[in-house]
Structures are given as C-alpha cells and as structure tokens.
Asker: 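One structure, as structure tokens, below. Some questions next.
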Amino acid sequence: MSEEKETTPTNFIRHIIDADVKAGKNEGRVATRFPPEPNGYLHIGHAKSICLNFGIAEDYQGTCNLRFDDTNPHKENTEYIEAIKEDVRWLGYDWGQRLFFSSDYFDQLYGYAVELIKAGKAYVCDLDADAIRAYRGTLTEAGRASPYRDRSVEDNLDLFARMKAGEFEDGARVLRARIDMAAPNMNMRDPTLFRIRRGVVHHQTGEAWCIYPMYDFTHPISDAIEGITHSLCTLEFEDHRPLYDWVLDNISIACHPQQIEFSRLNLEHTVMSKRKLTELVNDGRVQGWDDPRMPTLAGMRRRGYTPKSLRMFCDRIGVTKSDNVVEMGVLEACVREDLNDNAPRRMAVLRPLEVEIDNYPEGEGEVIEAANHPQNEAMGSRQLSFSRRLYIDRNDFREEASKKFKRLVTGGEVRLRNAYVIRCDEVIKDAQGEIVKLRCSYDPKTLGAKPEGRKVKGVIHWVSQDHALEAEVRLFDRLLHHPSPDTATDGGGFKDQINPESLSSLRGCFLEASLSGAQPGEVFQFEREGYFCVDKDHSPAQPVFNRTVTLRDSWAKIDPPRKSQ
RNA sequence: UGGGGCGUAGCCAAGUGGUUAAGGCACCGGAUUUUGAUUCCGGCACUCCCAGGUUCGAAUCCUGGCGCCCCAGCCA
C-alpha cells in the first residue's frame, strides 16, 4: 500500500529552469505548453511530453497551456481535438482556461509576415515545390537564390495581399523568409512561411483564410504571444531552433521563449509515429485508435492502464537527449504496482476443466466469504458460491508432473483458493483421449484450516459451475515482433513485423458470480492470472474482459508456456 | 571537416574535478505467503565508447579517433 507518491526525478530541463528562476529570468515565472497537432490520437510518447510540461508547471507554480497547433487544415479535424482533450484530462492534467489554437493567431501571424516583408526579410516566391527543392541545394552544396528573391517590398506586399485574397491557385506562390541560401543548416535556406490552401474548410476558422502559416513561423510566435518561457520539444527540432530564434528576433515582439529539446520515447515492440499508427488503423491491422494493443492513450485506457501508472512510467523513464528504447517491462511494472494496491481480487477460470467433488453432497452448496485484497482489509470482501461441480484451469492440472509442479496431479492434493483442499481421484477422458473431467474428493476440515498431518503446497483458483458467469476474455501480446521495428534490418518496413497473434480471444471462460455487476473500465485482479478490465464491448449478457497485464510469473521461467496460451 | 546532436550495466538513468559510480526495470539467490502474486532481505559497473594528455586526483577538463541518431515538405 505505497501511499508515498513518487516524486518526479530531476532532469536537465529542470536544471535549466532552476537556474533561470534563480537568476530571475522572466521574473521567475515558468510557463510551458503542450502543442499537439489535431491530426491523430495521442500516444505514450505524447504522455511523456504532457507529464513533462504539465509536471513542470505544477512544480514551479507556473502554467501550462494546451494549444492545438492547427495550421494544416488538410490533415486535422475536430474528432482529434476532442479525443486529445479527453486523453489529457484522463491522464490527470487540467489546462483550466488556457485552451488555445494556433489558428487564434492567424491575424497576428499575417501581420508579422507583413512586418518581415517591409523589412526586406521575406518575399513572395513564384517557384513551385519542385523548383524550390532544386534551388535549395543539398546537404553538402549551397543552394541558389530564387529569381524572385529580390522583389521590391511593394511588389511583395501586393502579392502577399493577393495570396490572402485568394487570387492565386494552390502552389502558385509561397511567402518565404529571406535568410541565407548558403546556410549549412537547411532550415535557414529561405524557409517557406505561408502557403496557399484554397477551398479547404478549417475546423476553427472555416473559410476565412486561404493561406496558412507554416510550423516554423507559427510556433515561435504562438509561444511568444502566450508568454511561454520554456518551449519544450523533441530532438528533431533542434535544427529548427536557429529559425525559431530568427523569427522572434526579426519581428516586433518582446517575448522570446527558450526552446529546449529532449529525446522522444521509443518503446520496444511498438511504433510511435502518428503516421505509422494511422497506417495501422487505416489498413485495418488493428481495430481502431483505441485497440488495446495500440500505444495510444485511448488504447492503453481500454486495455486497463491507469493514469497513475502512466505518470509513474513517465517519471521512471526520465528526460534526456540520448536515444533510447525502453523495455515493455518498465511499463508493465508500473501498472502492476498501481493495480496490485488498488485492484480488487476475483477468481476467473480462463481454460475451464470440469471438477466434480464426489463426497460433496449433490444439490447442496455454501457461501464463502473471501477478502477483496489479501493485504488490505479496507477493501472489504465478497461472497463465493461453493458446490459439488466446479471449474478449474486446465493449466492447473497434470496427470503426472515433477515435484516442482505444485498444482493438482492425479492422486495429489491441492488447495482451492479461499476454500477446501481437494484430491484428484480419477481422470475422465473422451474417446480422443482428451481430459474432460476430474473426479475429486474434498477434505471438509480444511476450510480456513490447514490439513492435518500433511502439507499441501499448491493453491489454485476455481469457480462453481452452477454460479459462474460465462465470458469472453481477450489476451494481448506485442503488436510487433522486433523490439525496435523501425530499425529491423530484415526486409521491408515495420508492417513486416506485425505479430498476427497479438490478439487472442478466449471464449467460454467462467467468472465468479460477483463480477456480474462490473462496469466498463473497472479493473480487477483475477487471482494467479493477471489484471483484467471490463471492455467497452461488454454487456451483462455477454461479458468481455481485457487482460491488462499478467502477474509476475516465476513459474513461467521454470516451465515456459508451450504455446498453450 | 555540410550542419546539428548523442555515447555511464541487458534497458532507462543520476552524476557538473575528490562519492564505495545514485535509483528504477530486468536478472540471480534466500525468508514469509491459502495468488508460483505481494512483501522482506541480499547480490548485480575496480569502471563510464576507444586512445592519448592535463592533474596529487578524471565518467567529469583537453586532443585525436570510433559508433549511433536527426536534417534537403508548400508536414508538424
């Protein structure tokens, strides 16, 4: 019952902020922002950024804005906006009144572009996309000046106004910064600032605009307008920082946030790019953004991951600038830790094997009180029905086995969890030799008491046949075979790595009756099996549970599961 | 010598010239256990990419290598 909340470990960004606060920079104020583009669902990598930005705001008595970076109406929509808001809230963060859109600043962005033009620092370029690319040069050769680079301020002002007025077709012209075509940093070779997108309806601004600003122009200005002090982003934007600074240094805005870059999260056996996740969804390789195998927050929520476990994970992985691939084990340890404390215990038999207790009176039964948590009495108890006919798990019986196998064997005894010790007297098989039923006997003196004169090592779970609820239980495995599918050397892309057995659905599972009122989202520990949550497909008539994660299983190391699932 | 970044255990990660080189995950023992769970206790880097150098003293400073990542969208 770990009540102590984990304190967020420090990192290089916090060191920088500490120094800034101490030096009185920004009057000691700290303001961050989380700036998703609404073109997909949030994933665990975004959670890292959310926890960083909102976490810093909390710890420094600062603020963190939620800002939708919505400058590309082509790819964005309101479904994503709503999903992102829900995910941030679910993770446990509150942006209060500080919800913004880059599109809120379109007028100002246009105005700053005009400033740049007037200062001779931006120009309208008539080159098409291919030509711009050709003029840009390569990584090792300088670019050449566009023929339109030296247009007069008047012409540029006129043309830019007409771009805005919708006089030109998509792609006909762009507004470019006038910086340095020979810069070793490609981002400084006269980057595009505005492009024409006519006839698209923007989810926020409708048809008000037919020119849209680019990220490199929008982001620094949006940050500055909001008074952000520390603009945290991932490493691939490091090369953009000179441009971020250039924009703010060349317009009439006083605020100049500091951009600091950290490395993105990579998780073993999954992919973290929105493009690839979108592909999985669109190709039907998964059942949607909230498929429990997806590393999306929606998927993980459906799978049974808790907000606390994700926050704990983000604390544990740290924030640095080094490339990293985090093992799934870290994530799993986080959910187990949270759920071990907080998930009520239940019994469920996933691969049922019939047991009949011959010396238990036919037609009778009893009710047994069982604790909801072995270490936490405050979690109360529930009632279990015991009777002559039970189910146990097929994996908990072997006709013969070595001493290491502590479960039920022919002629051997085992403890039924919360109930009696039983002995297996006879194994009944069908014509194919398949075990269909076990005839057992029980020791009536072993309810809540140790058996006399012998030791019974094993404990297995069970449910009463007459009282059980039939259910579907879904088990999940890694989505992709390779630990880092992006760097898999063999063959093509990450899709070659897809694990066709990542989802297995077990039907005809039996649950203890107390689970009948379970609601979607509720999480339980099915003893000896793992943590399971009620799926959104669930109904009382057709229960569906998802396995969030198994329990740690040291037996599996001794006796590795043989494709048995 | 195109530019930018990174290199501490199997994985993540502290460390900022003097510490026995934190911590977590994983792993390996062992104790307790009506969950092979939990909990507890113990182990797990004579060495920090490599090679030189500076220094009484280097993971930390200097020099030279090596390896990996990012950048040539009118995406973000």
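All chains are named by letter (A, B, ...) in the order of the sequence lines, taking the proteins before the strands, and each is independently numbered beginning at 1. If you're wondering where the values come from, they're calculated on a predicted model, not measured in any experiment.
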Asker: Using a heavy-atom cut-off of under 4.0 Å over every strand shown, decide if A/Lys406 touches base, sugar-phosphate, or nothing.
Answerer: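 The residue A/Lys406 makes base contact.
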Asker: If the P atom of B/rG23 is compared with that of B/rC44, how far apart are they to the nearest Å?
Answerer: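 11 Å, rounded to whole Å.
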Asker: Summarise protein proximity over nucleotides 69-76 of chain B in one line of letters, 5' to 3': B for base, S for sugar-phosphate only, - for none, counting protein heavy atoms closer than 4.0 Å.
Answerer: SBBBSBSB
Asker: Under the 3.5 angstrom rule, does the side chain of A/Lys48 hit a backbone N or O of A/Ser263 as a donor-acceptor pair?
Answerer: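 Confirmed, A/Lys48 side chain pairs with A/Ser263 backbone.
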Asker: Confirm from the modelled atom types if A/Glu327 and B/rG10 form a donor-acceptor pair under 3.5 Å, side chain to base only.
Answerer: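 Answer is yes: a donor-acceptor pair is held.
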Asker: Check nucleotides 27-29 of chain B against the protein and report each pair of N or O atoms closer than 3.5 Å, with its distance, or say if there are none.
Answerer:
{"from": "B/rC27", "atom 1": "OP1", "to": "A/Lys557", "atom 2": "NZ", "distance (Å)": "3.0"}

Asker: Applying salt bridge (charged side-chain N to carboxylate O under 4.0 Å, His left out), which residue pairs with at least one partner in residues 133-147 of chain A are found, sequence neighbours left out?
Answerer: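 Listed by first then second residue: A/Asp130-A/Arg133.
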Asker: Could you list the residues that satisfy side chain to side chain donor-acceptor pair (under 3.5 Å) with A/Arg151, not counting sequence neighbours?
Answerer: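 A/Arg151 satisfies side chain to side chain donor-acceptor pair (under 3.5 Å) with A/Asp126 once adjacent residues are dropped.
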Asker: Taking ring-ring contact (aromatic ring centres under 6.0 Å, His included) as the definition, give me every residue that meets it alongside A/Phe237, ordered by chain and number, with sequence neighbours left out.
Answerer: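 ring-ring contact (aromatic ring centres under 6.0 Å, His included) list for A/Phe237, sorted by chain: A/Tyr215, A/His240.
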Asker: Among all residues two or more places apart in sequence or in another chain, which pass the side chain to side chain donor-acceptor pair (under 3.5 Å) test with A/Asn185?
Answerer: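 In terms of side chain to side chain donor-acceptor pair (under 3.5 Å), with neighbours along the sequence ignored, A/Asn185 is linked to A/Asn187.
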Asker: The side chain of A/Trp555 is closest to which nucleotide in this list: B/rG36, B/rU35, B/rG24?
Answerer: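 Output: B/rG36.
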Asker: Any base atoms under 4.0 Å from A/Val319, or only sugar-phosphate, or nothing? Heavy atoms, all strands.
Answerer: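 Sugar-phosphate contact only - A/Val319 comes under 4.0 Å of backbone atoms but never of a base.
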Asker: Please confirm whether the shortest side-chain N or O distance from A/Ser322 to OP1 or OP2 of B/rA13 is below 4.0 Å.
Answerer: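 So the side chain of A/Ser322 is within the cut-off, an N or O lying under 4.0 Å from OP1 or OP2 of B/rA13.
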Asker: Does B/rU34 have its OP1 or OP2 closer than 4.0 Å to a side-chain nitrogen or oxygen of A/His461?
Answerer: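 It does not, given that no N or O in the side chain of A/His461 lies less than 4.0 Å from OP1 or OP2 of B/rU34.
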Asker: Which of these, A/Tyr442, A/Phe386, A/Phe397, sits in a ring-ring contact (aromatic ring centres under 6.0 Å, His included) with A/Trp462?
Answerer: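 The residue from A/Tyr442, A/Phe386, A/Phe397 that satisfies ring-ring contact (aromatic ring centres under 6.0 Å, His included) with A/Trp462 turns out to be A/Phe386.
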Asker: Answer yes or no for A/Arg173 and A/Phe168: cation-pi contact, defined as NZ/CZ to six-membered ring centre under 6.0 Å and angle to ring axis within 45°.
Answerer: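 Here A/Arg173 passes the 6.0 Å and 45° test against A/Phe168.
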